[in-house]
Trainee: 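For reference, the structure I am asking about is given below.
Note that the numbering runs from 1 along the sequence shown for the chain.
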Amino acid sequence: MTRIYKLLTLFIAAGALFLMGSGCKKFANVEPASNIFGAAEVFSSDATLNSGIAGMYSTALFNYGDQFQTDQAICPGLLSDELEVVGTNLTYEQFYKNSINANSANINAYWTAMYKVIYTANAIMEGTALNKENISPSLDSLAKGESLFMRAFCHFNLVNWFGDVPLIITTDANANNRALKTPTAEVMQKVIEDLKTAKTLLRKNYSASASNNRTRANKFVATALLAKAYLYTNQWALAEAEASSVIGETQLYQLLPKADIGKVFYLNSLESIWQMSNTSTTGLSSLRGYTALGFYFASQTVPQMAITTELKNSFEANDVRFTTWTRAVPYTNGTVTETKFLPNKYKNQFSGTPAESFSFLRLAEQYLIRAEARAQLNQLGTAADDLNAIRNRANIGNTSASTKEDLLLAIEQERRVELFTETGHRWSDLKRTGRINQVLATKPGWSDSRLSFPIPSIELLNNPNLVQNDGYGK
């Protein structure tokens with residue numbers, strides 16, 4: 001844990017606060033947060049606090065750029081049955097064959113990115129608590145709400161990728177340096193607690209400081225993630241209620257019609273709940289990286305990976321998602337040329353300002369969350385209605401599933417074709433439903449001893465209290 005807590009120095013310049021790592025100093029040697037951040041100065045006004053909140057999003061999270069974004073689509077996509085390697089990239093081959101190790105730069109970058117955001121969120125909450133007299137009450141609530149959301153978002157992703165992980169809710173270096181793994185159930189309990197509190201603090205509308213873009217958390221961003229957290233912890237009635245809250249907010253969110261399915265990922269699409277900014281250099285780089293670094297190198301015409309034949313064949317006839325969200329490319333293997341299909345959800349990556357914005361949470365997922373929760377509650381009719389809302393938009397008609405078991409499988413399938421290559425949905429779905437061995441049994445290199453990513457080697461070295469995950473040795 002120690003390396004991820006680099007000395008964070010705040011620079012207030014050009015109206016923005018940038019949080020930056022200063023190298024490989026052990027967090028145990030860093031001063032207390034109140035000294036590092038110079039709380040009396042940094043949080044001395046609404047303006048500087050707003051800069052700090054913006055820095056939590058843009059610098060701490062999105063400065064990982066291409067690697068951070070593509071890791072979320074590519075790594076779990078290769079581990080599951082979404083993507084196959086067709087190029088010569090050895091790193092991607094390791095993920096595809098489930099042979100990654102604890103020295104993986106991709107794994108280390110993801111772990112580091114998540115904990116850096118967690119640290120920043122904790123620092124903002126601790127700093128504002130020391131300076132309440134200098135901050136307007138409304139901004140104080142907003143800062144805490146957004147920080148709680150970001151902390152919950154990061155912990156949620158960490159447990160879904162790594163399993164048991166340290167739960168970090170303070171900037172106390174001494175405690176964090178020795179932090180043990182926390183059981184996943186306890187981490188998820190804290191995620192839910194943070195999101196429930198965040199909901200009460202955040203505004204209904206998106207932040208005006210973000211030009212009303214959907215790039216910062218509002219009440220319904222927290223609600224959408226809370227619905228997902230309840231689904232992942234089998235709390236069906238609560239998942240149904242939270243998803244219904246988002247779906248019912250029709251002035252903010254609507255499923256786009258079939259004719260506009262190519263615009264689902266546009267910046268500020270009515271279907272988007274939470275996106276990343278595509279207006280900065282970092283944002284553009286990250287969005288383009290979804291294709292440029294993952295599926296096509298900009299300087300080459302040979303794809304590095306493609307969707308699997310199994311995923312391709314799982315789309316029903318006339319499904320407009322396949323024709324709109326994938327694209328065919330020729331691929332020559334030796335003397336044989338064949339057609340491969342690449343994800344094409346984000347289309348304008350290489351020139352100008354793209355119309356799209358990388359989406360973390362969107363409305364279609366909320367319909368599928370509610371459908372699954374309702375099916376588990378034996379509310380089969382309304383579960384089918386939610387499923388059909390997504391199917392009809394895709395031009396494939398109503399489901400034929402009628403029993404609970406068939407309906408749950410139909411929802412799993414719909415999640416597969418609706419959410420493919422978006423932040424690891426398929427990998428998480430197969431694990432949480434217990435179907436991963438059945439589905440991936442014939443996949444090259446598959447082993448059920450590696451259901452979580454390895455803890456990065458450098459973290460084990462810096463914190464001897466951490467224990468490596470099963471399947472990766474000591």
Trainee: I'd like to know if R432 and E372 make a salt bridge, using a cut-off of under 4.0 Å between side-chain N and carboxylate O.
Mentor: yes
Trainee: Got a donor-acceptor contact below 3.5 angstrom from the E82 side chain to the T421 backbone?
Mentor: yes
Trainee: Rounded to the nearest 0.5 Å, what separation is found between the CG atom of L231 and the CG atom of L368?
Mentor: 10.0 Å
Trainee: Determine whether the aromatic ring centres of residues F153 and F360 are separated by less than 6.0 angstrom.
Mentor: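 Yes, ring centres under 6.0 Å apart.
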Trainee: Answer yes if the ring centres of W325 and F265 are under 6.0 angstrom apart, and no otherwise.
Mentor: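 Ring centroids of W325 and F265 are less than 6.0 Å from each other.
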Trainee: Can you list the residues that meet the side-chain contact (heavy atoms from CB on, under 4.5 Å) rule with A102, with sequence neighbours excluded?
Mentor: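 Here the qualifying residues are P454, S457, Q468.
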Trainee: Does the separation of the ring centres of F156 and Y232 fall below 6.0 angstrom?
Mentor: yes
Trainee: Cationic tip of K345 within the cone over F358's six-membered ring, i.e. under 6.0 Å and within 45° of the normal?
Mentor: no
Trainee: With a 6.0 Å cut-off (strictly less than), is the heavy-atom count around CD of Q413, excluding the residue itself, greater than 12?
Mentor: yes
Trainee: Mind checking side-chain contact (heavy atoms from CB on, under 4.5 Å) for E193 and listing every partner two or more places apart, or none if nothing turns up?
Mentor: K190
Trainee: Thinking salt bridges, do K312 and E84 make one under a 4.0 Å N-O criterion?
Mentor: no
Trainee: Do the side chains of E242 and R370 get close enough for a salt bridge, i.e. N-O under 4.0 angstrom?
Mentor: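 Between R370 and E242 there is no salt bridge, as every charged N stays at least 4.0 Å from the carboxylate O atoms.
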Trainee: Does the Y367 side chain pair with the main chain of L255, one donor and one acceptor, at a distance under 3.5 Å?
Mentor: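 No; zero donor-acceptor contacts below 3.5 Å.
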Trainee: Identify, with sequence neighbours excluded, every residue that meets salt bridge (charged side-chain N to carboxylate O under 4.0 Å, His left out) alongside R416.
Mentor: D81
Trainee: Without hydrogens or angle criteria, can the side chains of N469 and K181 be said to hold a donor-acceptor pair below 3.5 Å?
Mentor: yes
Trainee: Do side-chain atoms of D164 reach the backbone of V159 as a donor and acceptor pair under 3.5 angstrom?
Mentor: no
Trainee: Quick check: does any side chain N or O of R391 sit under 3.5 Å from a backbone N or O of G397, one acting as donor and the other as acceptor?
Mentor: yes
Trainee: I'd like to know if the side chain of Q275 reaches the main chain of N268, judged simply by a donor and an acceptor atom lying under 3.5 Å from each other, with no hydrogens or angles considered.
Mentor: yes
Trainee: Have S245 and T223 got a donor and an acceptor in their side chains that come within less than 3.5 Å?
Mentor: no
Trainee: Distance-only, no hydrogens or angles: does the H155 side chain make a donor-acceptor pair with backbone N or O of I168 under 3.5 Å?
Mentor: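 Yes; judged by distance alone, with no hydrogens or angles, the pair exists.
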Trainee: Return yes if some donor-acceptor pair links the side-chain N/O of N213 with the main-chain N/O of T215 below 3.5 Å, else return no.
Mentor: no
Trainee: Go through W274 and F220 one step at a time and tell me if the ring-ring contact (aromatic ring centres under 6.0 Å, His included) criterion holds.
Mentor: CA-CA 9 Å; W274 185 41; F220 297 106; over 10 Å; no
